[in-house]
Colleague: 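One structure, pasted below without further comment.
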Amino acid sequence: MPDRPRYYLTTAIAYPNNKPGLHTLYEVIGADVIARWHRMKGDETRFLTGTDEHSVNIAQRAQELGRDTRDFVDEMVKVFTDAEDALLIAPDRFIRTTDPDHQRASQEMVRRAYASGDVYLGTYEGWYCPAEGFKAPSDLYETPDGMRCPSHPTIELQWLTERNWFFRLSAYRDRLVAHFAAHPDWVEPEYRKNEMLAFLRAGLEDISISRETLHWGIPFPIAENGETAQREDGSWDPEAGVIYVWFDALINYITGAGFPDDPTAFAKWWPADLHVIGKDINRFHTIIWPAMLMSAGIDLPRKVWVHGFMTVRGEKMSKSRGNFFDPFDVIAAFGADGTRFVTLREFPFDQDADVSWDSFVRRYNADLANDFGNLVNRTVSMARRYLGDERPAPLPRTEGRLSWSWGKLPELYQAMIEDCMLHDALGLVFGNFVSEANQYVDQERPWEIAKAWKAGDEEAGERLRGVLGDLIEACRLIGLAGAPFMPSIAPRVLAQLGYAYPYAADGNGGPPLLRELEWGSHAGETGALGTAEPLFPRLESEAAAAEAPASGT
RNA sequence: GGCUGGGUAGCUCAGUGGUAGAGCAAGCGGCUCAUAAUCGCUAGGUCACAGGUUCGAAUCCUGUCCCAGCUACCA
């Protein structure tokens, strides 16, 4: 296979200090859809997701539970990967920042920044909560007795100074501004880019990249005297401290591409085509990360997509608020495919959006059970009843109104997915086109054509085959187009229509999807229709609401 | 406080100078192939408020009110 395009995308990595909620996973679901789209299109695709395990919170949580930190994260990571498996998320690598190659990558990045003259020794000052560690001023409030931290209001905060290594972020402002100017699409949506431009305008301060008092982390590779902090026996001098978790976390994207162990792989996969991240970490990805890469002499990622937050009645969904969905509850009600669909259809990927259990049920019933599921069901039932098992062929592309409607839709659909406008892409196919197919049934009234045919009208038989052939073709196209979103339903749709499903479970291996999405691309082939079985059982709203978790309050 | 964006039918939103739109929800009617499904019809909403420009503004300008995002080291 000569020179297939390659596509490398990543999600942010999650802190496995607790069970993941749906609001954590929708980013991964969205990225998985984009990854599957590229795999099915025929691109050589690499999809990276994983966990960020060096946070203070994790070490602290393990301590609270009286657990060994490593044992604790191993267990929590399993919870994450189980949830992702249940959601049919198929990364090419699940990276953990505790992986050995990530330690090598992170240390190499520190060395490179140091070699570039961007790392120097300084002091970090800030409020320190004895129970929790350093706290940002924005997280604190002032009382007559001094500064307090919300989680431990009775404890007096201390103003501490810590010796740290700093990264000369300030030196990169002009280069960053120039990069933004030269690559106007590199951060999207545009308003997120503008926020960062405003931030850059205000100027940059250097950032600390080491923590001398922490031990859960990647050993800082450079000693105070500028020599290596590695000892004769290979171990790292604890005096050197650890790499600050943010500096290490970002580096996962290049570790996952082969840096620094496998230069061939790295040359192939880097720069990444897409980082999918949340709006809370925009600055880290579009200012700090590119500066780190510039300092190391590595190309910048091509695009960073910043999605919004899932909210419940205007409040951010979060574990601490308790207003979140357990992904397993959602999967139990809607299935993995249904969960992926309702999540991405109800949630515009470019902004915050309010979701509720009820809105999920409505969306599932309207789009999947009533419109699409029922379309497949009525189409297959009619074809079998009137014409038998053998699948009728669609009309040539220029003749039927459905093929005309389909027209340039795949092109638009592709543009929407590749622009990360996943809700719009779903609306196009599962809103507009499915609706047109249902309208077509009522306009053509196949049951009446069938009666006429039975009554001896020979021409009616041809018409009936054409109408049902077109409807079957519409179902094939919808099922395939929807496969990145609903990977386990797609093969079942095609089976009912008498088609084999040519892709592997992760979307690899089949023919180029865009060719499959051409109207009539299998028109010449014979096939036997399967049995019409409901693909998306309708949910009763009240019953479903009764099972709703925390959100129902 | 500063910067940016926004306030349009019950809900979510589209619409950037020329007779107010879509989807969902609701009501009425049709059809019977289908998962009580589908199809058609039904919204008369001061387009936040007040001025202004214009033959004409939701769409441009000014002011006011309200909302959201950003305004650096919690990860």
Side-chain angles (χ1 to χ4, degrees), chain A residues 12-15 17 52-60 124-126 129 132-140 149-151 164 166-167 169 189-192 194-209 211 244-247 249 279-284 287-288 306 308-309 314 345-346 348 351-356 358-359 362-363 365-386 423-424 427 431-432 434-435 437-450 467-468 471 532-540:
Chain A
I13 48 178
Y15 310 106
N17 62 338
D52 176 10
E53 305 178 16
H54 292 308
S55 91
V56 184
N57 293 346
I58 287 175
Q60 186 194 328
Y124 175 77
E125 294 185 317
C129 169
E132 229 176 326
F134 277 96
K135 303 293 290 182
S138 55
D139 286 341
L140 303 175
C149 114
S151 6
N164 280 134
F166 278 72
F167 175 72
L169 183 65
E190 193 178 10
Y191 73 101
R192 294 293 174 202
N194 291 338
E195 287 173 0
M196 291 306 106
L197 282 171
F199 185 83
L200 281 171
R201 230 175 284 128
L204 297 177
E205 292 171 14
D206 295 345
I207 53 167
S208 60
I209 60 165
R211 289 293 123 106
Y244 180 44
V245 60
W246 253 111
F247 198 82
K279 65 178 185 178
D280 53 332
I281 52 179
N282 189 0
R283 201 173 52 238
F284 292 94
I287 292 182
I288 298 176
V306 186
F309 286 149
R345 180 87 159 98
E346 280 298 291
Q351 52 188 278
D352 291 357
D354 229 46
V355 299
S356 67
D358 216 47
S359 71
R362 269 205 304 274
R363 183 57 77 180
N365 279 340
D367 282 10
L368 294 182
N370 297 350
D371 288 351
F372 177 54
N374 186 49
L375 174 69
V376 174
N377 199 240
R378 68 199 303 211
T379 297
V380 174
S381 298
M382 283 191 284
R384 287 181 61 106
R385 174 180 301 203
Y386 303 141
H423 56 294
D424 283 342
N432 301 353
V434 168
S435 172
N438 274 316
Q439 287 166 27
Y440 182 71
V441 175
D442 278 64
Q443 284 157 1
E444 295 299 328
R445 301 168 164 267
W447 51 93
E448 286 187 2
I449 309 179
V467 168
L468 291 173
L471 283 167
E533 279 168 1
L535 296 160
F536 301 99
R538 197 183 149 80
L539 297 173
E540 290 312 318

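Below, each value reflects all heavy atoms present in this structure, side chains not excepted, and no hydrogens, waters or symmetry copies. Naming convention: chains lettered A, B, ... in sequence-line order (proteins, then strands); numbering from 1 in each chain.
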Colleague: Using a cut-off of 4.0 Å on non-hydrogen atoms, how would the nucleic acid contact of I288(A) be classed: base, sugar-phosphate, or nothing?
Modeller: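 Counting heavy atoms under 4.0 Å across all strands, no contact is made by I288(A).
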Colleague: 5'-most contact on RNA chain B: F284(A) or L375(A), nearest heavy atom basis?
Modeller: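 Its nearest nucleotide being more 5', the pick is L375(A).
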Colleague: So, using ring pair (Phe, Tyr, Trp, His ring centres under 6.0 Å) as the criterion, who are the partners of F372(A) when residues are at least two apart?
Modeller: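 F430(A).
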Colleague: Have a look at Y386(A) and say if it touches a base, only the backbone sugar-phosphate, or nothing, with a 4.0 Å heavy-atom cut-off.
Modeller: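 Answer is sugar-phosphate: Y386(A) comes under 4.0 Å of backbone atoms only.
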Colleague: Would R363(A) and E346(A) count as a side chain to side chain contact (heavy atoms under 4.5 Å, CB included) if you check the C-alpha gap in whole Å, the side-chain angles of each, and the deciding distance to 0.1 Å?
Modeller: CA-CA 7 Å; R363(A) 183 57 77 180; E346(A) 280 298 291; 2.6 Å; yes
Colleague: Mind calculating the distance between CG (N432(A)) and C1' (G23(B)) to the nearest angstrom?
Modeller: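 In whole Å, G23(B) C1' and N432(A) CG are 9 Å from each other.
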Colleague: Quick one: look up who G5(B) pairs with, Watson-Crick or G-U, both distances under 3.5 Å, and put none if it's unpaired.
Modeller: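 For G5(B), the partner nucleotide comes out as C67(B), under the 3.5 Å rule.
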Colleague: Distance check: side-chain N/O of N370(A) vs OP1/OP2 of U38(B), anything under 4.0 Å?
Modeller: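 Indeed, a polar side-chain atom of N370(A) lies that close.
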Colleague: What are the residues of residues 194-202 of chain A, sorted by number, that bring a heavy atom to within less than 4.0 Å of RNA chain B?
Modeller: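 Close to the strand are E195(A), F199(A).
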Colleague: Taking atom C1' in both G23(B) and G15(B), compute the distance separating them and give it to the nearest angstrom.
Modeller: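 Their C1' atoms lie roughly 15 Å apart.
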Colleague: Residues in salt bridge (Lys or Arg N to Asp or Glu O under 4.0 Å) with D352(A), at least two apart?
Modeller: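 By the salt bridge (Lys or Arg N to Asp or Glu O under 4.0 Å) rule, D352(A) matches K279(A).
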Colleague: Take the protein atom NZ of K279(A) and the nucleotide atom P of A68(B), then report the distance between them rounded to whole Å.
Modeller: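 After rounding, the gap between these two atoms is 11 Å.
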Colleague: For G56(B), give its Watson-Crick or G-U wobble partner with both distances under 3.5 Å, or none.
Modeller: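 With both distances under 3.5 Å required, G56(B) matches none.
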Colleague: Under 3.5 Å, which N/O atoms of the protein pair with N/O atoms of nucleotides 24-30 of chain B?
Modeller:
{"unit_1": "G30(B)", "atom_1": "N2", "unit_2": "D442(A)", "atom_2": "OD2", "d": "3.3"}

Colleague: Scan L204(A) against the nucleic acid and name what it touches under 4.0 Å (heavy atoms): base, sugar-phosphate only, or nothing.
Modeller: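 Contact class for L204(A): base.
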Colleague: Distances for protein N/O vs nucleotides 11-15 of chain B N/O pairs under 3.5 angstrom?
Modeller:
none

Colleague: Please report the closest heavy-atom contact between I207(A) and L169(A), naming both atoms and the distance.
Modeller: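 Shortest heavy-atom separation between I207(A) and L169(A) comes out as CG2-CD2, 4.1 Å.
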Colleague: With heavy atoms under 4.0 Å as the rule, sort G203(A) into base, sugar-phosphate or nothing.
Modeller: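 Touches a base.
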Colleague: Could you let me know what G23(B) is paired to, Watson-Crick or G-U wobble, both distances under 3.5 Å, or none if it's on its own?
Modeller: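 Across all strands, the one nucleotide that pairs with G23(B) is C11(B).
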Colleague: Touch check for D52(A), heavy atoms < 4.0 angstrom, all strands: base, sugar-phosphate only, or nothing?
Modeller: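 If one applies the 4.0 Å heavy-atom cut-off, D52(A) turns out to touch the sugar-phosphate alone, with no base involved.
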Colleague: Is the closest basic N to carboxylate O distance between D442(A) and R378(A) below 4.0 Å?
Modeller: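 Yes, D442(A) and R378(A) are salt-bridged.
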Colleague: Considering every strand shown, what is the Watson-Crick or G-U wobble mate of U16(B) when both distances are under 3.5 Å?
Modeller: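 Base-paired to nothing in any strand shown.
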Colleague: Heavy atoms from C-beta onward define the side chain here; which of C39(B), U38(B), A75(B) lies closest to that of Q439(A)?
Modeller: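 Ranking C39(B), U38(B), A75(B) by closest atom to the Q439(A) side chain puts C39(B) first.
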Colleague: Between M382(A) and V441(A), does the side chain to side chain contact (heavy atoms under 4.5 Å, CB included) criterion hold? Intermediate values first, please.
Modeller: CA-CA 11 Å; M382(A) 283 191 284; V441(A) 175; 3.9 Å; yes
Colleague: Output the single nucleotide from C33(B), A72(B), A75(B) whose closest atom is nearest the side chain of S55(A).
Modeller: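 For S55(A), the side-chain atoms sit closest to A75(B).
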Colleague: Can you tell me, in whole Å, how much space there is between the P of G5(B) and that of U62(B)?
Modeller: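 Rounded to whole Å, the distance is 12 Å.
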Colleague: Using a 4.0 Å heavy-atom cut-off, does S208(A) contact any base of the nucleic acid, only the sugar-phosphate backbone, or nothing at all?
Modeller: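 The answer is base, as S208(A) lies within the cut-off (heavy atoms under 4.0 Å) of a base atom.
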Colleague: Sequence neighbours excluded, which residues qualify as salt bridge (Lys or Arg N to Asp or Glu O under 4.0 Å) partners of E448(A)?
Modeller: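 Testing E448(A) for salt bridge (Lys or Arg N to Asp or Glu O under 4.0 Å), a comparison that skips the adjacent residues, returns R445(A).
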Colleague: Given that M382(A) and V434(A) both sit by RNA chain B, which one's nearest nucleotide is further toward the 5' end?
Modeller: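 Per heavy-atom nearest nucleotide, the more 5' residue is M382(A).
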Colleague: Which listed nucleotide (C39(B), A75(B), C73(B)) is nearest to the side chain of N438(A)?
Modeller: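 That would be C39(B).
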Colleague: Taking the C1' atom of each, how far is G29(B) from G69(B), in whole Å?
Modeller: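 The answer is 47 Å between these two C1' atoms.
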Colleague: If you look at every strand shown and take non-hydrogen atoms under 4.0 Å, does E205(A) touch a base, only sugar-phosphate, or nothing?
Modeller: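 Base: the residue E205(A), judged by heavy atoms under 4.0 Å, touches a nucleobase.
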Colleague: For A75(B) and Y244(A) - does any side-chain N or O of the residue sit under 4.0 Å from the phosphate oxygens OP1/OP2?
Modeller: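 Yes, because at least one side-chain N or O of Y244(A) sits under 4.0 Å from OP1 or OP2 of A75(B).
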Colleague: Rounding to an integer number of angstrom, what distance separates C67(B) and G17(B) when you compare their P atoms?
Modeller: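 31 Å, rounded to whole Å.
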Colleague: When both hydrogen-bonding distances must be under 3.5 Å and the geometry is Watson-Crick or G-U wobble, what is G40(B) paired with, if anything?
Modeller: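 With both distances under 3.5 Å, G40(B) matches C28(B).
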Colleague: Rounded to the Å, how far apart are D206(A) CG and A72(B) P?
Modeller: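 Taking CG of D206(A) and P of A72(B), I get 16 Å after rounding.
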Colleague: Using the C1' atom as the point on both nucleotides, what is the distance between U8(B) and C13(B), in whole Å?
Modeller: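 So the two C1' atoms sit 9 Å from each other.
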Colleague: May I ask you to verify if any side-chain N or O of R283(A) is less than 4.0 angstrom from the OP1 or OP2 atom of U71(B)?
Modeller: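 R283(A) to U71(B) OP1/OP2: side-chain N or O found under 4.0 Å.
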Colleague: Restricting to non-hydrogen atoms, name the atom on F536(A) and the atom on G373(A) that form the minimum distance, rounded to 0.1 Å.
Modeller: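 In this case the closest contact between F536(A) and G373(A) is CD1-CA, 4.2 Å.
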Colleague: Remember a base hit wins even if backbone is also touched, and classify G431(A) as base, sugar-phosphate or nothing at under 4.0 Å, heavy atoms.
Modeller: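 Result for G431(A) = nothing.
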